[in-house]
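Atoms within each ligand, like the ligands themselves, are counted from 1 in listed order. One-based numbering along the sequence shown.
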Amino acid sequence: MDRIDKIIVAQTKYSRKDVKKLVNQKRVLVNGEIILKSDIKVDSEKDKITIDGLELTIKKHIYLILNKPKGYISATEDRTMQTVLDLVPKEHSHRDLFPAGRLDKDTTGLMIITDDGEFSHNILSPKKHIKKLYNVTIDIPMNEDMVDGFKNGVVLNDGECKSAILEITGTNTGRVTLTEGRYHQIKRMFGCYGAKVIELQRIGMGNFTLPDNLKMGECRELTEEELKNIKEN
Ligand code: URA
């Protein structure tokens, strides 16, 4: 059993003061009955809480997808630069959100933002082998040496990379599949072949692909099905 005001504050944009007001205005019901005090205890798993006739759905965690544009850093706050959290709809701002994994400031595409540390750890841990898929454009033609090297494990200054897949999709373009996420990994891997990455976009994680209809800069909640697909390989 938890205090109803605490539950509402955790699940909505309302503050404790707002909840008091809502209760005083008789806008909060528990199992169909108006409540008169904002500190009553309820069972959030069994009791039905409604505010202005709308049922409160209790979510322990939230999972958002962002189509990250260039120019945003993968951090929760920064004194000068815009962060990916600046693109999260305000209705989620009461949660302790963070990006699950980093994309460079100039990398675009699929980014998961959540308040679930365990989930984040699971999808990022190299031990779980969750695939991350990227579209990449480099400044020189792609070649078979790169394909072989990626497969055998490129050696970077912080050690050998796990086997990765490079599919050549055009003269200067390719698709890379990684199961780990080191600092500037793809840029450094191509750097070993004297190539510079011009464009980098993450397009998939696990069995999930960046939806075509999610515009650059847009952020929305993931469906159960999408969430399941992210965790699968
Ligand atoms: N590899 C990079 O070099 N940068 C990214 O943002 C992601 C993978």
So, 4.0 Å and heavy atoms of Tyr183: is ligand 1 close enough to count as a contact?
no
Is there side-chain contact between Glu221 and His92, with at least one heavy-atom pair below 4.5 Å?
yes
Protein contact of atom 4 (N) of ligand 1 - nearest heavy atom, named by residue and atom, plus distance:
Asp104 OD2, 2.7 Å
Does any donor atom in the side chain of Asp116 or Tyr63 lie under 3.5 Å from an acceptor atom in the other side chain?
yes
Counting only nitrogen or oxygen atoms and a 3.5 angstrom limit, does Arg102 reach ligand 1?
no
How close does the nearest protein non-hydrogen atom get to atom 7 (C) of ligand 1, and which residue and atom is it?
Tyr134 CE2, 3.6 Å
What I want to find out is whether Asp52 reaches Arg27 closely enough, with some N-O distance under 4.0 Å, to be called a salt bridge.
yes
Check this for me, if you would: do Lys70 and Glu199 make a salt bridge, where the nitrogen-to-carboxylate-oxygen distance has to be below 4.0 angstrom?
yes
Which ligand 1 atoms does Leu103 reach within 4.0 Å, using its non-hydrogen atoms?
6 (O)
Any Lys/Arg nitrogen of Arg182 or Glu180 sitting under 4.0 Å from an Asp/Glu carboxylate oxygen of the other?
yes
Evaluate Ile186 for polar contact with ligand 1, using N/O atom pairs at a separation under 3.5 Å.
yes
For ligand 1, indicate whether the residue Thr107 contacts it via side chain, backbone, both or neither (heavy-atom separation under 4.0 Å).
side chain
Below a 4.0 angstrom heavy-atom separation, can you tell me which part of Val197, side chain or backbone, both or neither, approaches ligand 1?
neither
Check Lys187 with Asp106, please: is the shortest side-chain N to carboxylate O separation under 4.0 Å?
yes
